[in-house]
Amino acid sequence: HFAAILKESTSVLKQYTRDVNSGFAGENLIRQVFDNEINKGFLEDTSRSTEAGAEDYLWSFDARKANIEVKWKAAMHSKDDILKHETRISEASRMGKISLGIFFSLQCKIPNKPSIALEVHSGIPVLYVSKTDGTTPESLVAIGFRIAIAVWHRLEKEEEFEEDVSLVYDVVQSLQGIVSRL
């Protein structure tokens with residue numbers, strides 16, 4: 001009896017996501033950590049939006065906005081996810097919608113990137129946060145949000161953002177403080 005119910009539920013869920021097990025897990029975790037630990041600004045679910053530049057969430061904090069993409073995969077087999085994210089960052093940048101991008105990979109390391117990386121795409125700083133040994137997905141999300149806030153504070157001091165060693169240094173210093181408190 002339960003097998004029939006599970007099969008029917010799975011078929012309904014597949015209409016909304018390709019991977020029933022992971023489609024909502026990462027997004028729900030982001031929401032939970034944001035609500036319980038960060039709670040700064042407003043986190044809008046844009047995962048079903050068809051608007052150009054939309055990703056899983058749009059985080060508004062004061063006058064700043066960030067696109068957030070969440071991946072809950074055991075392994076990333078291609079660069080398609082990263083390329084799609086960079087395209088959406090470019091679209092949102094051209095439309096003036098965001099001042100930051102965040103890419104969370106909560107179950108695996110992002111290929112060819114350290115566990116925390118800050119890059120610039122289309123003039124927008126993009127924070128990449130991915131799984132490392134000994135960290136929980138919850139702690140990764142909390143660290144990612146806190147680093148994003150540190151980047152925003154740094155951007156307030158700069159008139160124009162440039163890919164700058166001092167910014168990366170400041171972010172790394174903030175991260176070290178956060179990790180030591182954890």
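- Residues P137 and W72 meet the side-chain proximity criterion, which asks for heavy atoms closer than 4.5 Å.
- Put simply, CD1 on I124 and CG on L100 are 8.0 Å apart, with the number rounded to the nearest 0.5 Å.
- Sorted by first then second residue, the ring-ring contact (aromatic ring centres under 6.0 Å, His included) pairs that include residues 111-143, not counting sequence neighbours, are H85-Y128, F103-Y128.
- With contacts defined as side-chain heavy-atom distances shorter than 4.5 Å, the pair V129/I147 does not qualify.
- Between T132 and T135, the side chains place a donor N or O and an acceptor N or O closer than 3.5 Å (distance only, hydrogens not considered).
- Residue pairs meeting the side-chain hydrogen bond (donor to acceptor under 3.5 Å, both in side chains) criterion with at least one partner in residues 97-113, sequence neighbours excluded, are E51-K97, S99-W152, K113-E119.
- In this structure, F145 has its ring center closer than 6.0 angstrom to the ring center of W59.
- One distance of note links CG of L43 with CG of L58; it measures 8.5 Å at 0.5 Å rounding.
- The pair K84-E86 does not meet the salt-bridge criterion, since no charged nitrogen lies less than 4.0 angstrom from a carboxylate oxygen.
- When side chains are defined from C-beta on, L106 does not count as touching K71, because their heavy atoms never get closer than 4.5 Å.
- Looking at E55, its side chain never comes within 3.5 Å of a backbone N or O of E69 through a donor-acceptor pair.
- Note: E44 CD to I68 CD1 = 11.0 Å, rounded to the nearest 0.5 Å.
- The distance from the NZ atom of K65 to the OG atom of S60 is 3.5 Å, given to the nearest 0.5 Å.
- With N67 contributing its side chain and G53 its backbone, the two residues share a donor-acceptor pair below 3.5 Å.
- For the pair D45 (side chain) and Y57 (backbone), a donor-acceptor distance under 3.5 Å is absent.
- Using a distance-only test at 3.5 Å, with no hydrogens or angles considered, no donor-acceptor pair links the side chain of T46 to the main chain of S49.
- Annotation: side chain of I102 is not in contact with side chain of V126 (no heavy-atom distance under 4.5 Å).
- In this structure, a donor-acceptor pair under 3.5 Å is absent between the side chains of S90 and T87.
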